[in-house]
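Encoded as C-alpha cells, the structure appears first; notes follow it.
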2 protein chains.
Amino acid sequence: MTTDTRDKIIELAQEAIATRGYSAFSFRGLAADLGIKSASIHYHFPTKTHLGVEVARAYRNQLQQAFDSIAVTYESDPQKAIESLIAVYRYEARTSQRMTVCTMLGAEIKNLPVEIQTEMASFYALNIDWLKQQFIKLGDEPEVAREKACQLFALLQGALMGAKGQQNPDYFDVVTKAAALFF
Amino acid sequence: MTTDTRDKIIELAQEAIATRGYSAFSFRGLAADLGIKSASIHYHFPTKTHLGVEVARAYRNQLQQAFDSIAVTYESDPQKAIESLIAVYRYEARTSQRMTVCTMLGAEIKNLPVEIQTEMASFYALNIDWLKQQFIKLGDEPEVAREKACQLFALLQGALMGAKGQQNPDYFDVVTKAAALFF
DNA sequence: GCTCACCTATCTAGTGATAGATAGGCTTGA
DNA sequence: TCAAGCCTATCTATCACTAGATAGGTGAGC
C-alpha cells in the first residue's frame with residue numbers, strides 16, 4: 001500500500017481546486033486540513049505542478065469511468081445516457097457548491113503551468129467526443145453530432161458556472177431544461 | 001481630472017482579472033505594467049478589495065452601456081438585439097484570449113471578498129434581465145422568457161469558457177450557432 | 001535471533017520570493 | 001502654500017520549496 005495519504009492529498013487538492021481554484025490553494029492549506037505539515041506533501045509531490053497534474057489525471061480517470069459506466073448501462077438508449085450525464089453534473093452542482101475541476105482549470109488556464117494546460121485539452125476532448133458518440137447513435141451525421149456535443153457541453157458548463165456564480169443550484173435545472181432542444 | 005492613472009489602473013486590473021483571475025493578479029504586477037510603484041496604487045485604492053469592487057462596478061457600467069446602446073439600435077428587432085449581444089461576446093472571445101470579468105469572477109466566487117461577491121450578483125441579473133426583456137418583446141410569457149434568458153446566457157458563458165479552455169476561438173462560433181434554437 | 005542497512009513518512013527549521021499594506025518624504029503645479 | 005501624486009523603505013504574512021533529522025518498518029546476511 002503506497003499509503004492513502006497520497007490519495008487523500010489528491011482528493012483534498014481536487015476539492016480545493018474545484019471550489020477555490022488552482023492559484024488559490026496552497027500546500028500549507030492542504031496540510032492543515034490533513035493534520036500534517038506542508039513538507040510532508042512535498043515528499044509525495046515534489047512541486048505544486050506535479051500535484052496539479054496528478055489531480056487532473058485523477059479527475060480525468062473518474063470522468064472516463066463515469067462515461068464508461070453510463071455508456072454500458074444505457075447502451076441502447078443514447079438519450080438516456082446523455083440525461084444520465086447531466087444528472088452527474090447536476091449532482092456536482094447540488095451537493096457541493098463547487099465546479100468541476102475541468103471548468104475551474106479552464107477558467108484559469110492562462111495562469112497554469114504548461115503541464116496542466118496540456119492535461120486540460122483532454123477534458124474537453126473526453127466530454128465532447130463522448131457526447132458526439134451518443135448523438136451519432138441517435139442518428140446524427142458526425143459533423144452535426146460534433147456541433148451538438150460542443151453546444152450541449154457549453155450549456156452544461158454554463159449551467160454549472162451560473163449555479164455557482166449566483167449561489168443558486170436551481171439555475172442548473174432551469175438551464176439544462178434546454179437540453180431537450182437537442183433531441 | 002482625478003487623474004487618468006486611476007482609470008488606467010482599473011483598466012489594467014480588469015484585463016488582468018479577465019485573463020488570469022482575481023487571486024492571480026497583484027498590485028506589484030499592475031504597477032510594473034504602469035511604470036509606477038505598488039505603493040502608488042494603494043494611494044488610489046486603499047486595498048485590493050477596493051480595487052476589485054471598482055473593477056466590478058466599471059465592468060457593470062460598460063455592460064449596462066452596451067445593453068442600452070444595443071436596445072436603442074435594435075429597438076424594434078429583439079432578435080437582432082440578441083444577436084448583437086452575442087457579437088459583443090464573440091469579439092471578446094476573438095480579440096483577446098480572455099474571459100469576461102463576470103465569468104472569471106464567477107468561477108472564483110468562493111475565494112472572493114464578500115464585497116465583490118455582492119457585485120457579482122448584479123452581473124448575472126443584468127445579463128439575464130436584459131435577455132428576458134428581449135424574449136418578452138418576441139412574444140414569450142415572462143416565465144418562459146426568463147428561462148430562455150438563463151439558458152442562452154449559460155450557453156454564452158460556456159462558449160466563452162470553452163473557447164478559452166481549448167484555446168480555440170472557433171469553438172465560440174460552433175456553440176453560439178445553437179442560439180438559433182431559441183427563436 | 002540479531003544486527004546492519006535501507007526505506008518510508010513524517011517532522012523542525014529555514015530559504016528566498018512575493019503578497020498586500022503602511023509611514024513618511026519629495027516634487028510639481030495651481 | 002499646499003495638496004495631489006508618486007516615491008523610498010519597510011512591515012508582516014504567506015507562498016513554494018529545501019535540508020537535515022527522526023522514528024518506525026522491512027529485509028538480508030551472518
Side-chain angles (χ1 to χ4, degrees), chain A residues 1-56 104-105 108-117 119, chain B residues 1-56 58 101 104-105 108-117 119:
Chain A
M1 63 180 82
T2 315
T3 41
D4 55 352
T5 298
R6 197 190 134 94
D7 294 334
K8 278 185 196 159
I9 293 170
I10 292 179
E11 195 185 319
L12 274 180
Q14 183 174 320
E15 176 77 21
I17 289 175
T19 53
R20 297 192 308 281
Y22 180 81
S23 52
F25 96 90
S26 72
F27 272 40
R28 277 169 153 81
L30 280 189
D33 290 345
L34 279 162
I36 59 174
K37 299 293 168 179
S38 70
S40 306
I41 300 185
H42 279 285
Y43 168 78
H44 295 283
F45 305 94
T47 70
K48 189 176 181 179
T49 299
H50 282 87
L51 176 53
V53 168
E54 287 306 306
V55 168
M104 197 74 217
L105 290 181
E108 287 186 291
I109 196 159
K110 276 279 189 291
N111 208 50
L112 259 32
V114 282
E115 292 93 330
I116 302 179
Q117 287 186 28
E119 287 292 321
Chain B
M1 65 180 79
T2 314
T3 39
D4 56 351
T5 298
R6 197 189 135 92
D7 294 335
K8 277 185 195 159
I9 293 170
I10 292 180
E11 194 184 320
L12 273 180
Q14 182 173 322
E15 175 77 23
I17 289 175
T19 52
R20 298 192 308 282
Y22 180 81
S23 53
F25 95 89
S26 72
F27 272 39
R28 280 176 156 82
L30 280 189
D33 290 345
L34 279 161
I36 61 175
K37 300 293 168 176
S38 72
S40 307
I41 299 186
H42 280 285
Y43 169 76
H44 295 283
F45 305 94
T47 70
K48 189 177 180 179
T49 298
H50 282 87
L51 175 54
V53 169
E54 287 306 306
V55 168
V101 171
M104 198 72 218
L105 290 182
E108 287 186 290
I109 196 158
K110 275 278 188 291
N111 207 50
L112 259 31
V114 282
E115 294 92 327
I116 301 178
Q117 286 186 27
E119 288 291 321

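First the proteins, then the strands, lettered A, B, ... as listed; each starts at 1.
- As a whole-Å value, the separation of Ile41(A) CD1 from dT8(C) P is 19 Å.
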Between protein and nucleic acid, restricted to nucleotides 28-30 of chain C and to nitrogen or oxygen atoms under 3.5 Å apart, what atom pairs and distances do you find?
none

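- Residue Lys37(A) contributes atom NZ, which lies 17 Å from atom C1' of dT18(D) at whole-angstrom precision.
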Can Tyr22(A) and Val55(A) be said to form a side chain to side chain contact (heavy atoms under 4.5 Å, CB included), step by step? CA-CA 11 Å; Tyr22(A) 180 81; Val55(A) 168; over 6 Å; no

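- Between Val53(A) and Phe45(A), every side-chain heavy-atom pair lies at or beyond the 4.5 Å cut-off.
- Here His44(B) does not reach the OP1 or OP2 of dA4(D): none of its side-chain N or O atoms lies under 4.0 Å away.
- In this structure, the separation between CD1 on Ile41(B) and CD1 on Ile9(B) is 5.0 Å, given to the nearest 0.5 Å.
- Neither OP1 nor OP2 of dG5(D) sits under 4.0 Å from any side-chain N or O of Ser40(B).
- Phe25(B) carries Lys48(B) over the face of its six-membered ring, with the cationic atom under 6.0 Å from the centre and within 45° of the normal.
- Taking only side-chain nitrogens and oxygens, Tyr43(B) never comes nearer than 4.0 Å to OP1 or OP2 of dC6(D).
- In this model, the phosphate group of dG5(D) is not approached by any side-chain N or O of Thr5(B) to a distance below 4.0 Å at OP1 or OP2.
- Note that CG of Leu30(B) and NZ of Lys8(B) are 13.5 Å apart. Values are rounded to the nearest 0.5 Å.
- Looking only at distances, a side-chain donor or acceptor of Gln117(A) sits under 3.5 Å from a matching main-chain atom of Ile109(A).
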Mark up nucleotides 17-22 of chain C, 5' to 3', with B wherever a protein heavy atom is under 4.0 angstrom from a base atom, S wherever such an atom reaches only the sugar-phosphate, and - elsewhere. --BBBB

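- Taking CE of Met104(B) as the start and CG of Asn111(A) as the end, the distance is 8.0 Å to the nearest 0.5 Å.
- A straight line from OH of Tyr22(A) to P of dC15(D) spans 14 Å, rounded to a whole angstrom.
- Distance alone, capped at 3.5 Å, places no donor-acceptor pair between the Gln14(B) side chain and the Val101(B) backbone.
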